[in-house]
Each structure stands twice: as structure tokens, then as C-alpha cells.
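Whatever order the structure lists ligands and atoms in, that order sets their numbers, starting from 1. Everything quoted here is computed from the prediction, not taken from an experiment.
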Amino acid sequence: MSTGANRAIWGSKIGFVLAASGSAIGLGNIVFFGANAYRYGGGAFYLPYLTALLVLGLPMMIVELAIGQQERRALPGAMRRTCGKTGEFFAWWSLLNATIIAMYYITILAWSASMMFKSFGPLFADGAASVGSTFGGVLTSWMTVVFTIGIWALNVLFLSKGTRTIEAVVKLFVPLMWVFMLMLVVRGLTLDGGFDGLLYLFTPDFEGIKSPGVWQGACSQIFFSLSLGLGTMTAYASYLPKKSDTVTNAGMVSFLNCSFEFIAGVAIFSILFAFSMHPGQDTGTLGMSLVVVPTGIAQFPAMQTLIAFAFFLLMVVAGLTSSISIIESPVAALQDKFGWSRRKTLALVTIFGAAGSVAFALPQMLTINDQPAQPLGISLLELFDHWAFGYSLLVVGMVEAILIGHIYGIKKLREKINAHSRVKLGAWFDFQIKWVVPVLLGIVLLFNIAEECGLTIEALGISGRGFYIGDSKQTFDGLSAMPIVVFLTWFLITLVGALSITAHKGAQK
Ligand code: TRP
């Protein structure tokens with residue numbers, strides 16, 4: 001069993017910061033932020049987003065880093081040592097969610113990688129209109145399965161020697177994605193009309209802020225973007241020396257992530273506005289970055305192929321430094337718990353995970369009763385995303401805050417943090433974790449559930465979010481039984497899995 005004493009350690013402080021910011025910066029910053037900011041209306045999104053960063057994101061980042069670093073364990077071990085069995089149980093539940101998110105995250109990466117190779121070919125052959133059909137072709141091609149397995153293989157390679165290989169990868173990839181993104185911003189803003197996108201994104205819209213949906217979207221976005229709620233940050237922090245400065249680390253990682261998100265937003269919105277493209281409320285999340293933005297790039301005055309290639313490469317590079325962190329979370333936890341070798345643990349997680357990723361890709365290629373099953377596949381992916389993004393991260397965050405705040409005692413944690421941090425946390429931090437975070441997340445979750453139940457509450461003036469199957473928005477009442485069955489199955493599997501692992505005899509002390 002790997003104990004705290006002989007645990008691997010990051011080669012340098014910068015190695016950790018690159019790895020953790022590489023985890024945070026990913027498809028969430030490029031794909032999901034743009035789509036959410038659009039859906040919830042630019043200037044109406046940014047203020048709730050910044051509020052969620054300060055009120056929820058930063059404090060929870062500090063907590064997740066602190067417990068990993070102090071206990072030198074991945075999430076379940078760290079929660080067990082701080083909060084006992086209940087804590088460990090919730091940690092395993094969140095790690096099963098992590099594995100599911102890793103599955104579809106990698107499917108999306110495989111689609112991005114396919115598009116990257118297509119950008120050399122006839123992606124733009126018949127003018128801009130062909131990007132959509134190229135993506136349709138990618139979705140239905142068996143090559144996607146090959147790409148999915150290829151991306152998993154890269155993840156295994158990058159994780160094979162733990163912190164050593166992770167560090168080597170992020171030292172190359174993280175600077176690279178900043179360079180690509182900065183180039184894209186400059187190109188976007190210098191397009192005719194590009195600047196309007198900036199104005200749309202950052203002109204506050206005080207009317208829009210009144211809708212609870214915007215706040216819910218902003219809270220989910222912050223959790224996903226900062227890699228919170230899946231044990232990722234705890235696993236990475238467990239490889240830090242005990243005396244690291246948690247507050248500085250949390251601040252740096254959050255700052256790097258949100259500034260990348262900021263400029264990614266500028267790049268995407270300037271391209272949208274330069275070509276007066278209006279994806280509309282109902283653009284599925286993926287369509288925005290895999291079709292709409294590339295369609296804009298296809299209309300660039302010069303170097304379309306090169307820029308399109310760089311854009312998709314950016315998604316792949318940024319996504320890989322995130323996917324390795326999502327996978328590291330359950331891998332580190334299983335190693336802690338059972339003392340398995342890294343090779344064996346990685347193999348197990350990969351077999352399970354890669355099967356899932358292929359399952360997310362497959363329905364795109366099948367036909368049912370001579371009808372393409374594609375909408376089913378997209379809806380499956382979006383359905384899981386809907387539950388994971390809108391619920392499980394927030395539930396885990398809420399439970400973590402309650403357990404650490406009340407059971408372990410946030411004051412104890414804060415004193416340990418302050419012993420080694422340059423900026424000291426005041427007593428306000430205790431109140432924040434004990435009350436503000438759980439209550440806020442609780443309210444957001446209640447609103448989500450209310451909306452889900454079709455209390456799409458015209459009466460309350462709240463517009464329902466629902467989720468999308470193809471182009472049509474689904475709410476709870478209009479829904480066929482299938483997605484509900486899928487969700488309940490998922491829930492049951494994770495519950496049983498978590499229970500059985502928690503109950504495992506070989507429990508560590
Ligand atoms: N933060 C990453 C992104 O923005 C994705 C990610 C990595 C993540 N680890 C996570 C999301 C843990 C939620 C929880 O793309």
C-alpha cells in the first residue's frame with residue numbers, strides 16, 4: 001500500500017502548477033464556456049460566473065487541495081482520514097462519476113481529433129457549409145472508434161510513470177495551448193466586426209441576471225472548469241510536499257484557468273460576431289465548437305486550413321491535459337486503497353473507461369429500423385453530461401463542504417493551511433465553507449430539480465433549461481422513459497459500486 005511516506009512527489013512547484021492548471025483548462029474552457037455564455041446571454045453570464053468563482057470556486061479549490069496535500073491521499077483516503085466512512089463513501093461515488101465523465105470527455109476528444117485530421121482534407125471544399133456535413137461524417141465513421149482508442153492509449157502513456165510523465169507532458173502542452181489561444185484571439189479581434197463579440201460578452205445585462213437558470217449555469221461551469229467535485233485536485237495535491245502554500249497554489253490555478261476561459265470567450269465570440277453567426281438558443285453544446293466556430297474559420301480571409309488545424313489541435317492538447325487528470329483521480333484512489341501497482345490499476349480503469357467511450361461513440365454509427373440511431377447517441381452523451389454537469393459535481397461539492405466544514409472542522413483545516421501560506425485565511429473562511437457554500441449549492445440544486453420536474457415554472461417566471469435531443473428541447477414531462485431508465489441505472493450502479501468499495505474488508509486504518 002502506498003503510504004504518505006514513500007509517495008511520489010512533483011519534481012518542482014512549477015510542475016504542479018502546470019499540471020493542475022492543465023487539468024482545469026480543457027474542453028470546459030473552450031467548448032462549454034462558449035456555449036453556456038451564449039445560451040445564457042453573454043453579459044448576463046459573466047457576472048454570475050465571477051461571483052461563483054469567488055464565492056464557490058476559490059474556497060472549494062482551497063479545500064480540495066488542502067485535504068490532498070495534508071493527508072497525502074487521493075479523495076477517498078483523504079476524506080476517510082478527515083471525515084470518516086461517510087466521507088469515504090461520497091468520495092467513491094464521485095470517482096465513479098469521474099470515470100463516466102472521463103468516458104464521454106474522451107469521446108468528444110476523439111471527435112475533435114478526427115476533425116483535426118479532416119481540416120487537411122476537403123473540410124472546406126464546398127465552402128463553409130460543408131463543416132456541418134464533415135462533422136456528420138466524423139460522427140458516423142468507424143474511424144472514430146479507432147480515434148477513441150487512440151486517445152485512451154495516449155492517456156495511458158502520459159499517466160504511465162505517474163507525476164514524472166504527467167510533468168513532462170504538461171511542460172510542453174500547457175505553454176503550447178496558451179500560444180495557440182493567444183494567436184486565435186488576436187486573429188479574432190482583428191477581423192471586421194470581431195470586436196462586437198467582446199462587447200456582447202462583457203456588457204453587463206442586469207435583466208438577464210434575474211433568471212435563476214443563469215446562476216445555476218454559472219455554478220456548474222465554475223465547478224467543471226476548475227476541475228472540482230471529482231477528486232482531481234485532491235489527487236494532484238496528494239503529490240505535493242506537506243509544507244506547500246495551499247492558498248497561493250489555489251489562487252494561481254484558479255487565476256490561470258479563468259484567464260484562459262476569458263480569452264477563449266473573446267476568441268469564440270469575436271469569430272461568431274465577425275461572421276454574424278447566431279447559433280441560437282438551441283445549438284447543442286458540441287455544435288458550437290465543432291461546427292459553428294470552424295464554419296467561421298472557414299470564412300477567414302487567409303490560412304483557413306492552418307487555423308482550423310490549430311483550433312482542433314488546441315482542443316485536443318487542452319483536452320488531454322484534462323483527461324489525464326480525470327483518470328488519475330480514480331487511479332490514485334484505487335492504488336491508495338488496494339495497494340495495486342500503477343500498471344495494473346491503469347489497465348483496469350482503461351479497459352472499463354475505453355469500453356464506455358466507445359459506447360458513447362457507437363450509437364452515431366448504428367441504425368435502428370433503418371433510421372440512423374445518431375440522435376439517440378448524441379442524446380445519451382448529452383443526458384449524462386446534463387446529470388454530471390448539472391448535479392453530481394454540485395452534490396459532491398455540497399457534501400464535501402458540509403463534511404469538512406462541520407464533521408472534520410474547518411477551523412482545524414484552516415489552521416493547518418495558514419501554517420504554511422503567505423496569505424492567511426481569516427475566520428470568514430470557516431463561515432464560507434460551513435454555511436455559504438452548502439446553502440448556495442442547495443438552492444441551486446433545488447431550482448434544478450424543480451425545473452426538471454416540469455415545474456418549468458411559467459408561474460414563477462423561470463424559463464426551463466431541460467436538455468436537448470437533436471434540436472428539440474426536452475423537459476421532464478415530454479420525455480420518453482428511456483433516458484430516465486438510463487439515469488436510474490447509472491445512479492444504482494454508482495451507488496452499489498461505492499457501497500461495496502467502502503465496505504471492502506481491506507480497509508486501511
Ligand atoms: N476542468 C476540465 C475542463 O475544463 C475538465 C475536468 C478535469 C474536470 N478534471 C475535472 C471537470 C474534474 C470536473 C471535475 O475541461
Side-chain angles (χ1 to χ4, degrees), residues 18-37 49 52-53 56-57 60-61 63-65 68 74-75 91 93-109 112 151 155 158-159 166 169-170 173-174 177 181 217-237 250 253-254 256-265 268 285-286 288-289 314-333 349 353 384-398 400:
L18 285 175
S21 68
S23 161
I25 302 171
L27 296 178
N29 302 55
I30 305 167
V31 181
F32 297 98
F33 179 78
N36 279 329
Y49 172 85
L53 167 66
L56 294 175
M60 287 312 289
M61 175 70 82
V63 167
E64 290 207 357
L65 289 180
L75 194 64
W93 189 73
S94 83
L95 292 192
L96 284 158
N97 284 323
T99 313
I100 288 169
I101 292 186
M103 290 171 184
Y104 72 73
Y105 201 91
I106 286 181
T107 309
I108 300 174
L109 272 182
S112 315
I151 300 270
N155 276 284
F158 295 166
L159 287 171
I166 297 175
V169 169
V170 294
F173 280 18
V174 174
M177 66 211 198
M181 189 45 98
C219 293
S220 296
Q221 177 65 32
I222 276 294
F223 260 75
F224 192 88
S225 187
L226 290 178
S227 300
L228 298 173
L230 294 185
T232 303
M233 287 302 166
T234 306
Y236 271 10
V253 173
S254 310
L256 285 171
N257 177 68
C258 293
S259 35
F260 193 95
E261 203 144 72
F262 177 91
I263 63 169
I268 288 178
T285 312
L286 294 174
M288 181 80 139
S289 35
L314 166 66
M315 284 181 39
V316 173
V317 165
L320 276 170
T321 58
S322 300
S323 63
I324 54 174
S325 74
I326 311 181
I327 301 167
E328 176 64 25
S329 179
V331 167
V349 172
F384 275 103
D385 181 52
H386 173 76
W387 288 101
F389 193 85
Y391 293 86
S392 65
L393 298 182
L394 303 184
V395 170
V396 170
M398 187 173 76
E400 265 174 15

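The two atoms that bring Asn29 and Ala24 nearest to each other are OD1-O, 3.0 Å, heavy atoms only. When all heavy atoms of Leu314 and Ile30 are compared, the closest pair comes out as CG-CD1, 4.1 Å. Here the closest non-hydrogen pair linking Gln221 and Gly28 is NE2-O, 3.2 Å. Nearest heavy atom pair, residue Ser112 against residue Met315, reads OG-CE, 3.2 Å. Leu65 and Ala237 get closest at one heavy-atom pair: O-CB, 3.3 Å. Counting all heavy atoms, side chain and backbone alike, Gly57 lies closest to Leu228 at O-CD1, 3.6 Å.
In this structure, Leu230 and Val396 have side chains that are not in contact, with every pair of non-hydrogen atoms separated by 4.5 Å or more. By the 4.5 Å heavy-atom criterion applied to side chains, Leu226 and Met60 are not counted as neighbours.
In Leu228, the part holding a heavy atom less than 4.0 Å from any atom of ligand 1 is the backbone.
When only non-hydrogen protein atoms are considered, atom 2 (C) of ligand 1 lies nearest to Ser23 O, 3.2 Å. Among protein heavy atoms, the minimum distance from atom 15 (O) of ligand 1 is reached at Tyr105 OH, 2.6 Å. In terms of protein heavy-atom proximity, atom 6 (C) of ligand 1 is closest to Ser227 OG, 3.5 Å. For atom 4 (O) of ligand 1, the closest non-hydrogen atom of the protein is Ala24 O, 2.9 Å. Closest protein heavy atom to atom 1 (N) of ligand 1: Phe224 O, 2.8 Å.
Close approach to Leu27 involves these atoms of ligand 1, each under 4.0 Å from a residue heavy atom: 15 (O). Atoms of ligand 1 lying under 4.0 Å from at least one heavy atom of Ser225, given by number and element, are 1 (N), 4 (O). Of all the atoms in ligand 1, the ones that sit under 4.0 Å from a non-hydrogen atom of Asn29 are 4 (O). Of all the atoms in ligand 1, the ones that sit under 4.0 Å from a non-hydrogen atom of Ser325 are 7 (C), 9 (N). Applying the 4.0 Å criterion to heavy atoms of Leu230 picks out, from ligand 1, the atoms 12 (C), 13 (C), 14 (C).
Looking at ligand 1, you won't find any N or O of Ile25 less than 3.5 Å from one of its N or O atoms. In terms of polar-atom proximity, defined here as any N/O pair under 3.5 Å, Gly229 makes no such contact with ligand 1.
No hydrogens or angles considered: a donor-acceptor pair under 3.5 Å links the side chains of Ser227 and Ser23.
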